[in-house]
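The structure under discussion appears below in the form of structure tokens.
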Amino acid sequence: MDVSVIKGSPDFAGFLREKGEDTDHNYYTSKTYGPSDPMSKDLWVNIDQMDKDKVKIHGILSNTHRQAARVNLSFDFPFYGHYLREITVATGGFIYTGDVVHRMLTATQYIAPLMANFDPSLSRNSTVIYSDNGTALVVQWDHVHLQDNYSLGSFTFQATLHKTGRIVFAYKEIPVEVSQISSVNHPVKVGLSDAFVLVHKIQQIPNVRRRTIYEYHRVELTKTKITNSTAVEMMPLPTCLQFTSCSSCISSQISFNCSWCHRLNRCSTGFDRHHQDWMDSSCPDETKDKMCDIADTTYLYPFTTTVAAKTTPKGKEATAGRETPSTSHPPTSVPTEDDTKIALHLRDNQADSAVDRVKGTHPLHTGLILGILLVMLIMIAGVLITVYIYHHPTSAASLFLIERRPSRWPAMKFRRGSGHPAYAEVEPVGQEKEGFIESDRVCTSSFFFSHSTCGTNAKLQDRRL
């Protein structure tokens with residue numbers, strides 16, 4: 001499957017840059033507390049005072065660079081109106097929230113208190129800690145250093161995800177201005193981002209689909225306000241997804257233009273993680289009337305529908321170099337290039353079962369008959385060659401094929417020197433305990449390639465907050 005990530009422009013994302021202490025970002029409102037504000041200390045979670053059974057030091061993340069590990073939540077966490085039960089913690093100072101796993105986790109769908117090129121393996125005091133008490137998840141990057149500038153000192157900060165959707169960024173130790181951190185080898189971001197995924201069929205390549213990730217909203221917090229003993233509190237605003245009936249959806253008085261789709265029984269603007277279903281079900285056509293007088297039990301729908309996308313200023317489309325047919329029409333705009341875009345090429349064996357076929361029959365003619373005969377001759381020749389090679393393994397033809405067997409083909413290898421950050425998912429072999437891993441071997445598997453790498457983990461972690 002071909003995968004690409006498209007970063008939204010400011011007009012497309014619809015976010016507002018923070019200009020004051022309390023700022024509206026459409027989906028969230030944020031408030032920044034300075035070092036002298038008592039709320040800054042109140043928002044910092046002292047993990048040392050929490051139940052030790054619920055505090056976990058991730059031994060693998062605390063010993064590696066550019067790694068990410070999945071963490072299951074004990075509660076439903078609302079993020080942009082979507083409820084999550086699993087997140088991915090990365091060593092680079094951020095949390096990935098997407099379902100589609102790819103190399104470039106820094107591109108979109110993140111919660112980033114301070115995304116940067118942190119490398120916990122540089123110091124024995126560096127740890128990645130998290131704790132889930134049933135109503136909130138706290139993730140703390142403790143005494144971590146920048147890989148490309150160790151001399152700047154250590155950073156200590158945390159992100160807290162509350163069951164209500166409230167998100168808190170708290171900063172204890174920031175030795176340098178965030179705006180001065182280099183973004184050459186890794187993006188530097190502070191804020192939130194979410195996106196939706198569209199799947200297209202590629203006409204030129206059978207059984208291959210393109211998956212494009214569109215960033216539909218982004219919150220960027222002011223980096224100059226991130227210093228020692230500061231905090232940022234973000235409260236979620238109402239979204240269309242919270243309405244469960246047509247009447248409440250259409251009569252809603254929020255900042256979004258909500259529409260109800262009878263086919264999906266869902267309230268939405270069309271720009272959320274369910275965008276693919278919204279377009280495939282022709283919801284833009286259905287929502288033009290905005291009527292709720294049709295009962296869902298008596299509403300009949302045809303088995304095949306034609307999608308006609310609605311033009312909206314919040315949309316953005318990118319094709320990454322070639323046209324791709326799709327059952328939906330994403331919004332049109334020019335893609336924005338930055339250090340977080342990717343172009344991955346992954347095979348997907350699950351091709352769409354519905355294939356367009358040409359109606360009508362054509363009589364057999366001489367050309368068709370000759371083509372069938374030619375295919376049969378090629379097949380017979382292939383069988384004869386195979387039998388010959390099997391009984392004559394030392395012949396020139398056999399040696400020629402052996403030298404060019406697939407195992408001799410050059411293997412694809414990921415080059416980390418490309419300047420783009422690539423994160424590999426952690427698969428812990430042992431069971432985590434207080435600051436170390438029981439197993440001596442640590443294995444990681446790459447998001448992009450189907451190979452695993454194992455090594456020895458000899459470093460024990462000391463909890464020093």
Side-chain angles (χ1 to χ4, degrees), residues 7-11 13-25 28-37 39-40 43-44 65-66 90-96 104-120 122-123 126 128 139-160 167-193 215 217-234 336-341 419-421 423:
K7 178 180 177 181
S9 63
D11 292 337
F15 67 84
L16 299 176
R17 291 183 179 273
E18 189 167 4
K19 297 180 180 179
E21 294 299 310
D22 199 343
T23 306
D24 184 2
H25 301 279
Y28 289 87
T29 57
S30 66
K31 190 169 186 178
T32 304
Y33 300 96
S36 60
D37 198 315
M39 280 296 294
S40 297
L43 293 176
W44 177 264
H65 177 233
R66 286 182 182 173
T91 57
F94 68 98
I95 300 171
Y96 176 69
M104 301 290 291
L105 301 186
T106 61
T108 182
Q109 293 185 313
Y110 57 75
I111 299 174
L114 181 53
M115 180 190 296
N117 193 20
F118 294 112
D119 186 356
L122 295 178
S123 173
S126 300
V128 179
V139 181
Q140 179 169 316
W141 292 264
D142 191 72
H143 292 95
V144 292
H145 294 260
L146 294 170
Q147 189 195 52
D148 42 13
N149 202 338
Y150 181 89
S151 60
L152 288 180
S154 63
F155 294 72
T156 300
F157 55 93
Q158 60 183 209
T160 305
I167 301 174
V168 176
F169 295 161
Y171 306 91
K172 183 178 181 180
E173 184 181 10
I174 306 296
V176 67
E177 291 186 8
V178 177
S179 57
Q180 296 181 1
I181 299 177
S182 173
S183 60
V184 175
N185 298 320
H186 194 290
V188 178
K189 301 178 183 180
V190 179
L192 310 175
S193 172
E215 183 188 53
H217 190 269
R218 176 167 26 100
V219 174
E220 286 187 344
L221 301 178
T222 305
K223 298 177 182 177
T224 56
K225 296 184 179 181
I226 307 303
T227 59
N228 292 334
S229 302
T230 59
V232 179
E233 184 180 27
M234 285 170 284
T336 302
E337 294 184 358
D338 72 343
D339 54 1
T340 62
K341 69 178 182 178
H420 298 290
Y423 279 81

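Everything quoted here is computed from the prediction, not taken from an experiment.
Contact detail for Pro35 and Thr227: the closest heavy-atom pair is CG-OG1, 3.9 Å. Between Phe169 and Ala112, the closest heavy-atom pair is CE1-O, 3.4 Å. When all heavy atoms of Thr91 and Phe118 are compared, the closest pair comes out as O-CB, 3.5 Å. For the pair Asp119 and His65, the tightest heavy-atom approach, listed with the atom from each and the gap, is OD1-CB, 3.2 Å. When all heavy atoms are compared, the tightest approach of Pro113 to Gly93 is CD-O, 3.4 Å. The nearest pair of heavy atoms linking Ser126 to Pro120 is CB-O, 3.3 Å.
Of the residues listed (Glu220, His217, Arg218, Glu215), the one engaging Ser193 in a side-chain hydrogen bond (donor to acceptor under 3.5 Å, both in side chains) is Glu215, and it is the only one.
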Next item on the list: I would like to know whether Val178 and Val188 meet side chain to side chain contact (heavy atoms under 4.5 Å, CB included); could you show each step before the answer?
Entry: CA-CA 8 Å; Val178 177; Val188 178; 4.0 Å; yes

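In this structure, Phe94 and Tyr423 have perpendicular ring planes: the angle between them is above 60°, well past the 30° mark.
Atoms CD and CZ, from Glu173 and Phe157 in turn, are 11.0 Å apart once rounded to the nearest 0.5 Å.
At most 12 non-hydrogen atoms from other residues, nucleotides or ligands lie less than 6.0 angstrom from CD of Glu177.
Using a distance-only test at 3.5 Å, with no hydrogens or angles considered, no donor-acceptor pair links the side chain of Trp44 to the main chain of Ala231.
Asn228 and Thr230 share no donor-acceptor pair across their side chains, judged by distance under 3.5 Å alone. Defined by atom type and a distance below 3.5 Å, a donor-acceptor pair is missing between the side-chain atoms of Ser179 and Thr224.
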